[in-house]
Amino acid sequence: MKAVLCKEFGPAEKLVIEEIGGPQIKKGEVLLDVHAAGVNFPDTLMIEGKYQFKPPFPFSPGGEAAGVVAAVGEKVTHLKVGDRVMGLTGWGSFAEQVAVPGDNVLPIPPAMDFSTAAAFSMTYGTSMHALKQRANLQPGETLLVLGASGGVGLAAVEIGKAMGAKVIAAASTAEKLEVAKNAGADELINYTETSLKERLKELTGGEGVDVIYDPVGGKLFEEAFRSIAWNGRMLVVGFAAGDIPSLPANLPLLKGASLIGVFWGSFARRQPHDNAANFKQLFAWHAEGKLKPLVSQTFALEQTAEAINTLAQRRAVGKLVVKVR
């Protein structure tokens, strides 16, 4: 089979495409014929050795895939050969086949195509877990989404609206904010043209925002936290800006606020039943038209390095997908 391989840590240009033997599945795994694979921020870190997981060389990056079940291992009872599925792989998805733990695989709804499915599980799974289990977002609360035009940011905007929140989207350009507006954001902030803190003060009447969703990190992290409401919750989702920020410990005390970590992959493994319930709701919202995943660009397998660079340089809106078949 063809696979994109990382043989040494470094930039995406060091990735190669080779013919290798197909994976052998173990008990509890399924073999997936990959049709499409989502491109995510962890992919940019993993190939440079900066992610918390470091697979042995050579490995194929790609943390999520959609395709058709080619074989089923022992102890897997909820899937069969021929099923259309999406799976959280961790790595290995930028290849024609990948072995996936059965607990990480879900059937694709009939109305969803492979590209959409490949763009769905990680972004919507992360944002749903963040807003439901971690933030306990309530109807009528105010949600600020930083990096609101990216994959997880757009998912957070849509899910926040579906949960009944007022959503404020923040991004760096008018074009990105237009994407967030189309996803349902109630208010927009271009933080390159105006003070995030002052604009949030205006929009909330000085009360602050109840929940902050931050997949970006960097210089806006502390400024956003200073705009949080009493009993507010700030969600640490990722660090797309590249810098891991710090926060003076007196701020959570003075605000009576919480700083909450979000690690959906670990949640999905540790609490599979809760994760399954989340996706049942997500699929229902998708069927109702409340969730409309934006796949802004697709790439061939041979263009995987270009796809990863496009994401790493924050030149993308919505989700990028590598089409394998």
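Since the structure is predicted, the reported quantities are computational estimates derived from the model, not experimental observations.
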Can you list every pair that meets salt bridge (charged side-chain N to carboxylate O under 4.0 Å, His left out) and has a residue in residues 223-237, with sequence neighbours left out?
->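 Qualifying pairs, neighbours excluded: E141-R233, E222-R226.
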Is the F221-F239 ring centre distance short of 6.0 angstrom?
->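 Ring-ring flag for F221/F239: false, centres at least 6.0 Å apart.
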Among side-chain atoms of E64 and N40, is any donor-acceptor pair under 3.5 angstrom?
->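 Side chains of E64 and N40: pair found under 3.5 Å.
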Pair D210-Q138, side-chain donor/acceptor within less than 3.5 Å =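 Their side chains do not contain a donor-acceptor pair, so the 3.5 Å distance test is not met.
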Relative to the ring of F53, is the ring of Y51 parallel (under 30°), tilted (30 to 60°) or perpendicular (over 60°)?
->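 Perpendicular: the ring planes of Y51 and F53 meet at over 60°.
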Do [X] and [Y] come within less than 4.5 Å of each other through their side chains, counting heavy atoms only?
| X | Y | answer |
| --- | --- | --- |
| M1 | I20 | yes |
| Q97 | D33 | yes |
| T89 | L32 | no |
| R325 | F114 | no |
| H286 | P293 | yes |

Which ring-ring contact (aromatic ring centres under 6.0 Å, His included) pairs, counting each pair once, include a residue from residues 127-163, with sequence neighbours left out?
->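 ring-ring contact (aromatic ring centres under 6.0 Å, His included) check on residues 127-163 returns H129-F267.
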Those residues at least two apart in sequence (or on a different chain) that pass salt bridge (Lys or Arg N to Asp or Glu O under 4.0 Å) with E158 are none
